[in-house]
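See structure below.
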Amino acid sequence: MSNSFTVRLTARRSSARSAPISYTPPVTPPPPSTSAVRDWLARRRGTLLPAAVRRAGFSSLTTLPMCTAIIPERAAGQPLPSRPVSGRPAGSTPAAAVRALLVVVLAALAAAPAPAVAAAGSTAPTSGGEGARAAHAATARAGARWVTAARTAEDRGLRRTLAGAMRSAGSSSGAYAYNATEGRTLFTAQADTRRILASNTKLFTTAAVLGRRGARQRIETRVIGAGRLDERGRWHGSLYLRGGGDPTFGSEAFARRSYLASASVESLARRLRGYGIRSVSGRVVGDESLFDSRRGGPASGFRTSIYVGPLSALAYDRGLANDRGTAFQSDPPLFAAARLDQELEQRGVRVAGSPAAGSSPEEAHELVAVRSPTVARLVQIANTRSDNFFAEILLKGLGALEVGDGTTAAGARRAEAFARTVGASASLADGSGLSRRNVAAPRQVGRLLTGLRRRDEFPAFLDSLAIAGRTGTLLDRLRSGPARGRCRAKTGTLSDVSALSGYCESLGGDTIVFSILMNRVSVSGARTLQDRMAQAMAGYRG
């Protein structure tokens with residue numbers, strides 16, 4: 001049997017002038033590789049997968065394919081989970097303040113002059129002040145030694161737990177933990193050796209997007225025209241649907257259901273009619289020229305991957321060709337143009353020519369536009385859900401924004417450059433982490449996370465990370481113990497690769513920045529070790 005089939009889709013108009021849109025989706029695609037997906041399948045079947053399947057090798061993949069990666073958004077108005085990890089500067093947490101105050105008080109006692117009151121009946125020629133001062137000083141020294149001893153014991157216990165977990169992970173793994181509140185390193189294990197990042201790559205991608213675009217910015221999808229509108233409402237010329245790299249753009253129902261977004265072809269069609277257009281002498285042209293036309297990243301040979309979807313500056317319904325998510329569009333700009341053409345005709349706007357794909361002429365000007373959710377919201381979707389499609393689209397947009405080059409390679413270079421501005425380094429090949437050429441050392445991931453705390457967009461970045469035991473890719477992990485609700489982190493999974501990096505607010509009130517990158521491991525076993533380490537960091541009282 002053939003590996004593919006072709007479906008022809010036509011807009012609701014005269015078949016004599018309709019342009020068929022063909023797409024060639026994969027049939028019975030291979031299963032995704034992550035243990036999260038395997039666990040999900042097992043839960044659906046009510047049993048564990050066969051041992052032979054568990055032992056089988058899987059390819060480099062991180063999230064669910066096609067529409068199964070789309071999770072209906074929370075109901076409008078439902079509050080977001082509270083943010084447990086503080087962005088306060090070093091030493092500003094309550095526990096840190098108490099520790100600092102205790103040391104100051106003890107030091108003050110040592111330095112304070114004692115009252116010159118001699119003991120009753122004393123015949124010493126000098127007052128009792130020197131003895132009292134000595135007693136105060138001894139008390140202060142004892143208190144300081146107690147604080148130091150308690151902290152040392154906590155540090156020793158934390159290092160012992162983390163070191164034990166890393167020994168079990170093997171020599172191809174590394175970790176780094178840093179007390180950002182006090183400004184000191186708590187633990188390292190091969191922290192300067194580069195490891196495969198998997199979806200921890202998204203930390204670099206989204207940090208750069210927030211840093212370069214700004215958390216409150218939005219991405220526009222525009223209709224521009226090269227022509228004129230006469231007094232009878234006839235547009236003389238064509239309409240160009242120009243994509244700006246908004247990953248949420250599509251049908252009204254899809255955008256609202258999946259992302260609580262409003263950028264849709266229906267909205268554009270309504271606005272064009274409100275603009276006064278009643279007929280178009282030309283055609284609707286889909287323009288994706290802001291990006292290159294490569295549909296995938298390096299992990300798929302730049303072809304469409306079932307774990308990403310077809311990439312395009314004019315992505316419609318994230319490249320899905322039907323509501324069931326069983327097929328991809330082969331020509332995204334043509335598909336989007338046909339949808340706008342259809343919506344115009346349903347509103348009584350006649351378009352003479354058939355939909356097409358192409359580039360807008362330089363003399364074209366904007367007629368109407370719709371906007372994406374904020375960049376902060378787009379980054380939240382990318383990180384909390386570990387959405388490969390969003391990460392890759394945002395990375396290409398970064399390249400187009402910075403250097404006018406909407407390619408994966410240009411975006412990766414810009415993400416690397418941004419990391420350097422906060423003192424971190426990495427070697428990136430894509431935006432999602434599907435490529436095994438995305439590598440960084442745990443200490444460098446930690447430096448990225450630490451450096452971001454000093455930036456204005458840090459609250460948006462922190463809010464984008466999954467909350468332990470509550471949201472996103474950590475929903476089914478760390479559901480009890482001190483880590484629940486106290487750690488925010490980004491997971492990462494490829495076959496034999498597992499990562500967890502982020503922030504924990506410890507029981508002692510410190511913010512601990514950490515990165516755990518495990519290579520050549522059993523994914524399920526690695527997650528057990530990572531969870532043990534996260535619990536230890538969250539339970540730290542030093």
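Bear in mind that the values here come from a model prediction, so they are computed numbers and not experimental data.
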Looking at Lys396 and Asp292, does any basic side-chain N land under 4.0 Å from a carboxylate oxygen?
->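 Yes, charged N to carboxylate O under 4.0 Å.
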
Do the non-hydrogen side-chain atoms of [X] and [Y] ever get within less than 4.5 Å of each other?
X: Val209; Y: Phe418; answer: no
X: Glu288; Y: Ser293; answer: yes
X: Pro247; Y: Arg318; answer: no
X: Ile516; Y: Met533; answer: yes
X: Phe249; Y: Ile219; answer: no
X: Leu474; Y: Arg488; answer: no
X: Leu395; Y: Ser432; answer: no
X: Ser506; Y: Arg541; answer: no

[Y] backbone acceptor or donor facing [X] side chain under 3.5 Å:
X: Arg295; Y: Arg303; result: no
X: Gln535; Y: Ala483; result: yes
X: Glu182; Y: Asp510; result: no
X: Asp246; Y: Glu220; result: no
X: Asn388; Y: Tyr307; result: yes
X: Glu505; Y: Arg486; result: no
X: Tyr176; Y: Arg447; result: no
X: Asn179; Y: Leu186; result: no
X: Arg414; Y: Ala410; result: no
X: Arg484; Y: Gly469; result: yes

What about Tyr259 and Phe390, are their ring centers closer than 6.0 Å?
->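 Ring-ring flag for Tyr259/Phe390: true, centres closer than 6.0 Å.
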
[X] and [Y]: which non-hydrogen atoms are nearest, and at how many Å?
X: Ala534; Y: Cys504; value: O-SG, 4.2 Å
X: Leu311; Y: Phe389; value: CD2-CD1, 4.1 Å
X: Ala382; Y: Leu394; value: CB-CD1, 4.5 Å
X: Lys490; Y: Leu203; value: CB-CD2, 3.5 Å
X: Ala526; Y: Val521; value: CB-CG2, 3.7 Å
X: Asp317; Y: Gly250; value: OD1-CA, 3.2 Å

Would Leu517 and Ser501 satisfy side chain to side chain contact (heavy atoms under 4.5 Å, CB included), going step by step from the backbone distance to the final call?
-> CA-CA 8 Å; Leu517 306 179; Ser501 300; 4.1 Å; yes

Gap separating the [atom1] atom of [X] from the [atom2] atom of [Y], nearest 0.5 angstrom:
X: Ser427; Y: Glu416; atom1: OG; atom2: CD; value: 5.5 Å
X: Leu462; Y: Asn383; atom1: CG; atom2: CG; value: 11.0 Å
X: Leu465; Y: Thr471; atom1: CG; atom2: OG1; value: 9.0 Å
X: Leu398; Y: Thr206; atom1: CG; atom2: OG1; value: 11.0 Å
X: Ser464; Y: Ile381; atom1: OG; atom2: CD1; value: 11.0 Å
X: Asn438; Y: Lys202; atom1: CG; atom2: NZ; value: 9.5 Å

Can you confirm whether the side chains of [X] and [Y] place a donor and an acceptor under 3.5 Å from each other?
X: Ser386; Y: Thr473; answer: no
X: Arg377; Y: Gln380; answer: yes
X: Asp430; Y: Ser435; answer: no
X: Thr493; Y: Arg527; answer: yes
X: Arg413; Y: Thr407; answer: no

Assess whether atom CZ of Arg455 is packed by more than 12 heavy atoms of other residues, nucleotides or ligands within 6.0 Å.
->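 Counting neighbours around CZ of Arg455, more than 12 heavy atoms of other residues, nucleotides or ligands fall under 6.0 Å, so yes.
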
Residues in side-chain contact (heavy atoms from CB on, under 4.5 Å) contact with [X], at least two apart in sequence or another chain:
X: Arg454; result: Thr450
X: Thr193; result: Gln190, Arg195
X: Ala440; result: Leu197, Phe204, Ala426, Val445
X: Ser425; result: Arg194, Gln444

Test side chain to side chain contact (heavy atoms under 4.5 Å, CB included) applied to Phe328 and Leu320, step by step | CA-CA 5 Å; Phe328 284 133; Leu320 298 171; 3.7 Å; yes

Output all residues satisfying side-chain hydrogen bond (donor to acceptor under 3.5 Å, both in side chains) with Arg477, sequence neighbours left out; order by chain, then residue number.
->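 Only Gln530, Asp531 meet the side-chain hydrogen bond (donor to acceptor under 3.5 Å, both in side chains) criterion with Arg477.
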
How far apart are the C-alpha atoms of Val308 and Ser300, what are their side-chain angles, what is the distance that settles it, and do they pass the side chain to side chain contact (heavy atoms under 4.5 Å, CB included) test?
-> CA-CA 10 Å; Val308 182; Ser300 62; over 6 Å; no

Are Tyr540 and Phe187 close enough, and set up right, to give a ring-ring contact (aromatic ring centres under 6.0 Å, His included), and what steps lead you there?
-> CA-CA 13 Å; Tyr540 176 72; Phe187 177 76; over 10 Å; no

Which one of Thr205, Val379, Leu378 satisfies the side chain to side chain contact (heavy atoms under 4.5 Å, CB included) criterion with Leu210?
->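 When Thr205, Val379, Leu378 are each tested with Leu210, the side chain to side chain contact (heavy atoms under 4.5 Å, CB included) holds only for Val379.
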
Which pairs with one or both residues in residues 207-217 pass salt bridge (Lys or Arg N to Asp or Glu O under 4.0 Å), sequence neighbours excluded?
->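 Of all non-adjacent pairs touching residues 207-217, those that pass salt bridge (Lys or Arg N to Asp or Glu O under 4.0 Å) are Arg212-Glu402.
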
